[in-house]
Amino acid sequence: MAVDLRPEEITSILRQQLAEFDGKADIAEVGTVLNVGDGIAHIHGLSRVMAGELVEFSEGLTGMALNLEEDNVGVAIFGEDRTIKEGDPVRRTGRIASVPVGEALAGRIVDALGRPIDGAGGVASTEQRTIDIKAPGIIERADVREPLQTGIKVIDALTPIGRGQRELIIGDRKTGKTSLAIDTIINQRGKNVMCFYVAIGQKRSTVVQVCETLKHYGAMEYTTIIAATASDPAPMQYLSPFAGCAMAEFYRDSGRHALIVYDDLTKQAQAYRQLSLLLRRPPGREAFPGDVFYLHSRLLERAAKLSPEKGGGSLTALPIVETQANDISAYIPTNVISITDGQIFLEADAFNAGQRPAVNPGISVSRVGGDAQVKAMKQTAGTLRLDLAQYRELAGFSQFASDLDPATRRQLDRGRRLMELMKQNIHEVLPVALQVAIIYAGTQGYLDSIPLNRIKDFEKELAERLDREPRDYLTQFDRDQAMTPDVKTALEAVLKRLSVTSV
């Protein structure tokens with residue numbers, strides 16, 4: 001039986017098949033591993049690779065191109081390098097290192113590449129951001145004037161933090177640096193501030209402890225933890241602050257407010273030093289590479305308060321730096337001090353003497369100053385720094401003086417009470433209205449007749465009375481945010497009644 005073949009039908013079928021044929025070839029630049037070791041691989045053949053670009057090894061591992069040399073590329077490997085061998089193929093991805101961002105990250109624990117490590121499934125985020133981008137320019141910024149309350153008396157009164165500021169927390173190990181940052185995160189509850197905690201080079205058990213603390217105080221629901229622990233390779237510890245910053249910038253750039261804690265930048269600098277030495281970059285002071293200052297400055301400059309034209313969002317940074325034996329003149333501490341807008345210095349001696357938080361008000365400073373305080377706090381705490389400075393001076397002098405005049409004795413007594421007043425239990429954050437009331441009582445002499453061991457009881461009773469009795473002070477304070485005659489009268493009425501019953 002003959003088949004009737006019509007040429008026009010064959011032609012149309014061929015045309016249709018050719019139209020549907022995808023003629024695009026998958027062209028990928030592939031290099032070869034020259035040598036590998038200590039988390040670093042040198043690759044030959046990736047002549048067009050970009051700085052910071054991700055590359056893919058045949059074993060499924062990824063790495064980031066850091067050194068672009070004439071005949072090879074130095075790559076930091078994200079993971080164990082034991083499966084990579086000399087001669088293995090390496091493929092360009094064409095992607096610069098980026099992380100997922102958005103609302104889906106709230107309450108999650110992720111690694112330096114944004115991959116979830118909390119066992120709660122994947123992150124349902126559709127947007128990615130490059131981790132290392134340029135900081136906002138001068139024209140795009142606004143003055144830091146809006147306070148970011150920490151809930152800690154000694155900080156909100158003496159070294160206030162504003163939204164968009166970079167305030168360094170510095171001190172020896174085990175002086176309460178992390179606790180201070182965690183308390184600040186806890187105090188953001190209900191204030192529409194998204195929080196990011198970057199754990200660099202810490203023990204996994206410490207990260208779990210931080211997570212459990214935040215969950216206990218209901219703060220984990222608006223917090224993301226980015227963890228590059230001590231068991232993670234140096235490239236992950238180096239990248240984690242940039243990854244956290246990219247996640248936080250999502251909120252800053254959408255007109256909202258974010259707070260990020262880098263705990264701590266000393267370990268990041270050490271990880272970067274390890275990478276740089278393995279990449280054979282020339283070492284400088286303390287064997288750190290010459291661009292370690294630029295490493296931290298380009299990270300911390302991304303914290304900013306944006307202008308109203310840019311949405312008015314803010315990113316506040318609390319970097320933490322660890323010192324050795326209170327030596328703030330070491331390389332990394334001096335670098336970060338010069339980049340930030342002030343520092344909160346925690347002293348080991350004060351901590352061991354029972355002054356918690358162990359803030360040294362003498363050398364702790366906020367370069368934003370009273371601009372980042374509510375007016376009532378500025379009016380009340382104005383004399384506090386001077387009173388504490390005079391107390392420290394007199395306390396040193398009185399050790400050698402056998403007989404003191406009544407005025408000096410009074411000043412010493414008040415100074416001791418003010419120092420006692422500055423003590424605050426861990427995770428006990430206070431609203432600003434209560435802080436102002438407590439500091440006002442101390443600076444105006446309402447505590448002068450109260451025994452030193454009764455100061456904490458007085459503070460507790462004051463909080464209860466302000467909440468229980470006619471709430472004139474709290475109502476007027478919330479309305480005015482300043483020590484107006486009416487606010488002052490309402491507060492003094494409570495203080496007078498309380499000081500009589502507390503003696």
Side-chain angles (χ1 to χ4, degrees), residues 26-100 110-115 117 128-133 200-201 226-246 267-284 287-292 294-296 298-299:
D26 183 17
I27 301 169
E29 192 175 332
V30 178
T32 309
V33 176
L34 292 175
N35 56 65
V36 61
D38 297 314
I40 299 293
H42 289 90
I43 316 295
H44 174 71
L46 298 181
S47 58
R48 298 172 64 189
V49 73
M50 299 177 286
E53 183 180 341
L54 294 177
V55 296
E56 208 172 78
F57 294 88
S58 56
E59 290 75 16
L61 281 172
T62 56
M64 186 170 75
L66 289 178
N67 265 26
L68 307 184
E69 298 177 28
E70 193 174 345
D71 56 346
N72 70 81
V73 176
V75 172
I77 302 164
F78 299 138
E80 291 290 341
D81 60 7
R82 285 176 290 191
T83 56
I84 300 170
K85 302 182 294 298
E86 186 180 325
D88 281 358
V90 184
R91 183 174 174 273
R92 278 186 64 189
T93 64
R95 292 184 289 112
I96 301 294
S98 58
V99 289
V110 296
D111 68 5
L113 297 175
R115 300 174 300 202
I117 53 174
Q128 295 261 335
R129 280 200 175 209
T130 307
I131 62 168
D132 197 357
I133 62 168
I200 312 162
I226 300 93
T229 58
S231 60
D232 288 324
M236 301 290 267
Q237 295 181 37
Y238 153 67
L239 274 187
S240 55
F242 292 100
C245 192
K267 292 190 180 72
Q268 190 216 10
Q270 289 165 354
Y272 187 57
R273 175 172 63 183
Q274 178 184 328
L275 278 176
S276 298
L277 292 172
L278 289 167
L279 287 165
R280 302 189 186 95
R281 293 179 180 175
F288 285 104
D291 64 341
V292 73
Y294 177 56
L295 169 77
H296 287 151
R298 79 176 191 262
L299 170 69

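As the structure is a computational prediction, the values presented were derived from the model and not from experiment.
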Closest approach of [X] and [Y], non-hydrogen atoms and distance?
X	Y	result
L277	A287	CD2-O, 4.0 Å
V36	A41	CG2-CB, 4.1 Å
V99	G114	CG1-N, 3.9 Å
A243	A112	CB-O, 3.1 Å
G244	I226	CA-CD1, 3.8 Å

Side chains of residues 56-80: which donor-acceptor pairs under 3.5 Å do they make with residues two or more places apart or in other chains?
residue, atom, partner, partner atom, Å
N67, OD1, R281, NE, 2.8
N67, OD1, R281, NH2, 2.9
N67, ND2, E69, OE2, 3.2
N67, ND2, L279, O, 3.2

Nearest 0.5 Å please: distance from the [atom1] atom of [X] over to the [atom2] atom of [Y].
X	Y	atom1	atom2	result
I200	K267	CD1	NZ	8.5 Å
Q237	Q268	CD	CD	9.5 Å
I40	L275	CD1	CG	5.0 Å

Problem - Residues which pass salt bridge (Lys or Arg N to Asp or Glu O under 4.0 Å) with R280, listed by chain and number, not counting sequence neighbours - result: none
Fill in the blank from the handout: By salt bridge (Lys or Arg N to Asp or Glu O under 4.0 Å), R273 pairs with (sequence neighbours left out) none
Those residues that, when tested against [X], pass side-chain hydrogen bond (donor to acceptor under 3.5 Å, both in side chains) (two or more places apart):
X	value
D88	none
D81	none
D38	none
E86	none

Side chain to side chain contact (heavy atoms under 4.5 Å, CB included) partners of [X], counting only residues at least two apart:
X	result
D132	F242, R298, R302
A269	F288, V292, H296, I332
E53	V49, M50, R92, T93, I96

Problem - I43 and V33: CA distance, side-chain angles, deciding distance, side chain to side chain contact (heavy atoms under 4.5 Å, CB included) verdict - result: CA-CA 5 Å; I43 316 295; V33 176; 3.9 Å; yes
Exercise for the section: Assess whether side chain to side chain contact (heavy atoms under 4.5 Å, CB included) is satisfied between E29 and L46, documenting all intermediate values. Expected result: CA-CA 7 Å; E29 192 175 332; L46 298 181; 4.2 Å; yes
Exercise for the section: Would you list the pairs meeting salt bridge (charged side-chain N to carboxylate O under 4.0 Å, His left out) in which at least one residue belongs to residues 226-237, sequence neighbours left out? Expected result: R204-D232
Problem - R129 atom CZ, over 12 foreign heavy atoms within 6.0 Å - result: yes
